[in-house]
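Here's the structure, in structure tokens; my notes come after.
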Amino acid sequence: MTVSRTVCLGFLAVITVGTILLMMPFSTTTGTWNDPIVALFTATSAVCVTGLAVVDTGTDFSFWGQLCILLLAQIGGLGYMTTTTFLILLVGRKFNLRQKIAIQQALDRPGMHGSTQVIQSIIATTMVFELTGIFLLIPAFVPDYGWNQGIWLAIFHSISAWNNAGFSLFSDSLVAYQSSLLVVFTITMLIIFGGIGYQVILEMYLWLRDRLLKKNTNLLFSLDFKVACSTTLILLFMGAIAFFVIDIKNQETFGSMNLNTQLLAAWFQSVTTRTAGFNSIDISKMTPAGLFITIALMFVGASPGGTGGGIKTTTLRVLTSCTKAILQGKEEVLLYERKIAISLILKAVAVLVGSVAMVLLSTILISLTDPTLNFIQLLFEVVSAFATVGLSTGITSSISVAAKLILIVTMYAGRVGVLLLMAAVLGDPRPSRIHYPEENLLVG
């Protein structure tokens with residue numbers, strides 16, 4: 001039982017428990033047993049923090065069903081190892097060496113020391129942001145739905161946004177609040193900070209603390225911080241500009257709005273494609289160019305250590321830096337005056353190849369099971385599932401059972417990671433002492 005197998009089986013166990021709970025009569029508004037495929041799809045989507053849904057979460061699931069979905073999304077957002085470790089801390093047990101190694105690999109940390117403090121800081125950060133989101137959303141929802149329902153809506157959407165889950169209790173997601181500055185600002189900030197990674201947030205906190213206390217310590221930001229923040233900002237602003245320019249004349253999306261609402265909608269759309277899954281416009285009415293931009297942004301996803309999916313911003317920067325090095329005739333890949341190790345470059349290439357292969361395989365299989373589907377809608381749905389985004393053009397509920405099962409596997413592979421899943425199936429790689437001679441090969 002390797003670490004990769006522990007993580008993969010852990011996610012499967014949580015999905016299984018969630019499926020059983022969502023099948024129970026108390027989870028549905030009708031009080032009858034739920035469809036097993038619907039329960040399995042919803043549980044997988046929640047644990048994998050995707051947000052794709054085959055039924056309306058707000059009307060088909062009771063309060064207990066919605067609470068179950070929310071808890072599954074919280075576990076999925078934190079990650080199996082983080083949640084398990086937190087439970088171990090609650091009961092007062094100490095970590096053994098195997099658990100420390102698992103935490104190190106799950107969180108991609110350089111060492112095993114300080115694992116307890118890291119888990120505690122992750123839980124504390126999650127609680128602070130989610131509670132802040134709840135208090136900010138209460139003034140937006142309570143006037144429309146009353147105190148009881150308004151508070152529950154604030155809790156649900158705050159936790160869903162922080163974990164980049166994308167589940168909403170509104171039938172049209174957040175379309176009704178597309179012009180609300182408070183809702184758009186709160187949801188987008190939760191999405192961004194939830195997807196940027198705990199290590200980045202911790203470095204931000206330390207920097208702000210030193211500035212407020214006027215300490216003379218010279219905090220040096222890590223390469224992870226620089227790459228994650230810069231790439232995130234570039235993608236967010238470029239995405240917002242692209243959506244605004246491309247769909248500005250589309251009367252079914254941006255064209256019918258005033259300028260302020262258009263800017264808010266373009267910004268929200270750019271943020272939510274980073275694996276969040278909420279929408280403030282009708283995705284099915286977007287232009288083909290807008291859909292392709294959304295697919296590209298979804299495929300990149302969030303940053304490592306966060307609650308989002310995709311190939312990650314750091315992978316994109318490593319690959320683009322490799323291209324830049326080749327064009328400049330350099331033999332070293334540099335990022336912010338730091339040399340990137342060959343092992344990281346190989347890992348980035350493996351992530352890209354594995355992700356593309358998974359998307360292509362899922363697209364081909366669903367095109368065989370549902371040949372009448374529009375290609376761009378099909379590709380959109382598969383990338384949304386693999387990158388754990390949750391945006392949809394509206395075909396999720398109408399596809400065949402076989403296609404839903406394929407999407408379930410796709411969501412699972414996207415959440416645990418292609419490389420981790422392959423390591424769980426094939427076993428951990430064994431280092432070899434055999435070195436072969438080098439030879440040139442024509443490439444490109």
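Here the structure is a predicted model, which is why all the values come from computation and not from measurement.
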Derivation and outcome, side chain to side chain donor-acceptor pair (under 3.5 Å), residues Glu381 and Ser392: CA-CA 6 Å; Glu381 199 81 7; Ser392 176; 2.9 Å; yes
Output, in order, the C-alpha distance, side-chain angles, deciding distance and verdict of side chain to side chain contact (heavy atoms under 4.5 Å, CB included) for Thr57 and Phe170. CA-CA 8 Å; Thr57 307; Phe170 302 118; over 6 Å; no
Side chain to side chain donor-acceptor pair (under 3.5 Å) assessment of Asp247 paired with Thr253: CA-CA 7 Å; Asp247 270 58; Thr253 54; 3.0 Å; yes
Trp267 and Phe237: ring-ring contact (aromatic ring centres under 6.0 Å, His included), yes or no, with the steps? CA-CA 8 Å; Trp267 168 251; Phe237 285 105; 5.7 Å; yes
Which is it for Tyr205 and Asp210 under the side chain to side chain contact (heavy atoms under 4.5 Å, CB included) test, yes or no, and what are the steps along the way? CA-CA 9 Å; Tyr205 166 74; Asp210 292 345; over 6 Å; no
Give the C-alpha distance, both sets of side-chain angles, the deciding distance and a yes or no for side chain to side chain contact (heavy atoms under 4.5 Å, CB included) between Met358 and Val409. CA-CA 10 Å; Met358 188 68 199; Val409 176; 4.3 Å; yes
Begin with the C-alpha distance, continue with both residues' side-chain angles, and end with the deciding distance and a verdict on side chain to side chain contact (heavy atoms under 4.5 Å, CB included) for Val351 and Lys312. CA-CA 9 Å; Val351 168; Lys312 302 296 192 297; over 6 Å; no
Could you walk me through whether Thr388 and Thr50 pass the side chain to side chain donor-acceptor pair (under 3.5 Å) check? CA-CA 4 Å; Thr388 68; Thr50 304; 5.1 Å; no
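When all heavy atoms are compared, the tightest approach of Val184 to Tyr177 is CG2-O, 3.8 Å. Of all heavy-atom pairs between Gly290 and Ile246, the closest is N-CG2, 4.0 Å. Nearest heavy-atom pair, Val200 versus Asp224, reported as atom, atom and distance to 0.1 Å: CG2-O, 4.4 Å. Of all non-hydrogen atoms in Asn279 and Thr272, the two that sit nearest each other are N-OG1, 4.5 Å. For the residue pair Val49 and Gly77, the shortest heavy atom distance occurs at CG1-N, 3.5 Å. Between Gly308 and Ala302, the closest heavy-atom pair is CA-CB, 3.8 Å.
Side-chain atoms of Ser367 do not come within 3.5 Å of backbone N or O of Pro371 as any donor-acceptor pair. With Thr273 contributing its side chain and Ser270 its backbone, the two residues share a donor-acceptor pair below 3.5 Å.
Counting heavy atoms from C-beta on, the side chains of Leu391 and Phe380 come closer than 4.5 Å. Within the 4.5 Å cutoff, no side-chain heavy atoms of Phe61 are placed close to those of Thr29. The side-chain heavy atoms of Ile283 and Gln269, taken from C-beta on, include a pair separated by under 4.5 Å. Side-chain atoms of Phe135 and Ser158, non-hydrogen and from C-beta on, never get closer than 4.5 Å to each other. Side-chain atoms of Thr314 and Thr231, non-hydrogen and from C-beta on, never get closer than 4.5 Å to each other.
The aromatic rings of Trp162 and Phe129 lie parallel to each other, with less than 30° between the two planes, well short of the 60° mark. Ring geometry, Phe225 versus Phe221: the interplanar angle falls under 30°, so the pair is classed parallel (tilted spans 30 to 60°).
With sequence neighbours left out, Lys249 forms a salt bridge (charged side-chain N to carboxylate O under 4.0 Å, His left out) with no residue at all.
Centroid-to-centroid, the aromatic rings of His157 and Phe141 come within less than 6.0 Å.
Checked by atom type, the side-chain pair Thr287/Asn250 shows no donor-acceptor distance below 3.5 Å.
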